[in-house]
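Below: one structure, written as structure tokens.
Sequential numbering from 1 along the given sequence is applied to the chain's residues.
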Amino acid sequence: MGRGRQKAKATRQARDMKYFSPATDYSALQRELGAAKSHASSQYSEDPYEADYSEYEDKYADQYDDDDDEDTRRIG
């Protein structure tokens, strides 16, 4: 097959895929979204989980002094 025929075939296939619209089953979509909504509400609470890092907050604060870092930094 020559390059022209090959390019035309690829263009036709791309156009077919671009404009292809299968029949949408809205009842199945509604069932799927309804099941996901009811399942998600029963499995997860409304408030997101946030880890408690309070015990690590000042663990290394005495080793590093933030005020001195700006004065010792070389620029250029």
Side-chain angles (χ1 to χ4, degrees):
M1 199 179 335
R3 176 65 183 135
R5 293 172 113 191
Q6 184 179 6
K7 184 176 179 182
K9 182 178 180 181
T11 303
R12 189 183 76 243
Q13 289 173 338
R15 190 180 307 117
D16 289 344
M17 288 189 320
K18 180 179 180 180
Y19 295 111
F20 176 71
S21 58
T24 305
D25 186 4
Y26 292 107
S27 60
L29 179 62
Q30 185 178 12
R31 285 193 308 270
E32 183 178 339
L33 292 176
K37 193 176 206 181
S38 65
H39 180 68
S41 64
S42 64
Q43 185 178 4
Y44 303 109
S45 66
E46 294 296 322
D47 297 327
Y49 173 74
E50 188 170 326
D52 181 25
Y53 295 111
S54 61
E55 65 183 72
Y56 303 109
E57 185 174 357
D58 291 325
K59 184 174 182 180
Y60 300 106
D62 57 340
Q63 293 179 3
Y64 301 104
D65 190 13
D66 293 336
D67 296 335
D68 293 337
D69 289 343
E70 295 176 7
D71 297 335
T72 60
R73 191 178 300 167
R74 291 190 302 172
I75 299 175

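Distance check, rounded to the nearest 0.5 Å: CZ of Arg12 to CE of Met17 gives 12.0 Å.
For Gln30, the CD atom sits in a loose shell: 12 or fewer heavy atoms of surrounding residues, nucleotides or ligands are nearer than 6.0 Å.
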Report task. Carefully, step by step, assess Lys18 and Arg15 under the rule side-chain contact (heavy atoms from CB on, under 4.5 Å). Result -> CA-CA 5 Å; Lys18 180 179 180 180; Arg15 190 180 307 117; 5.6 Å; no
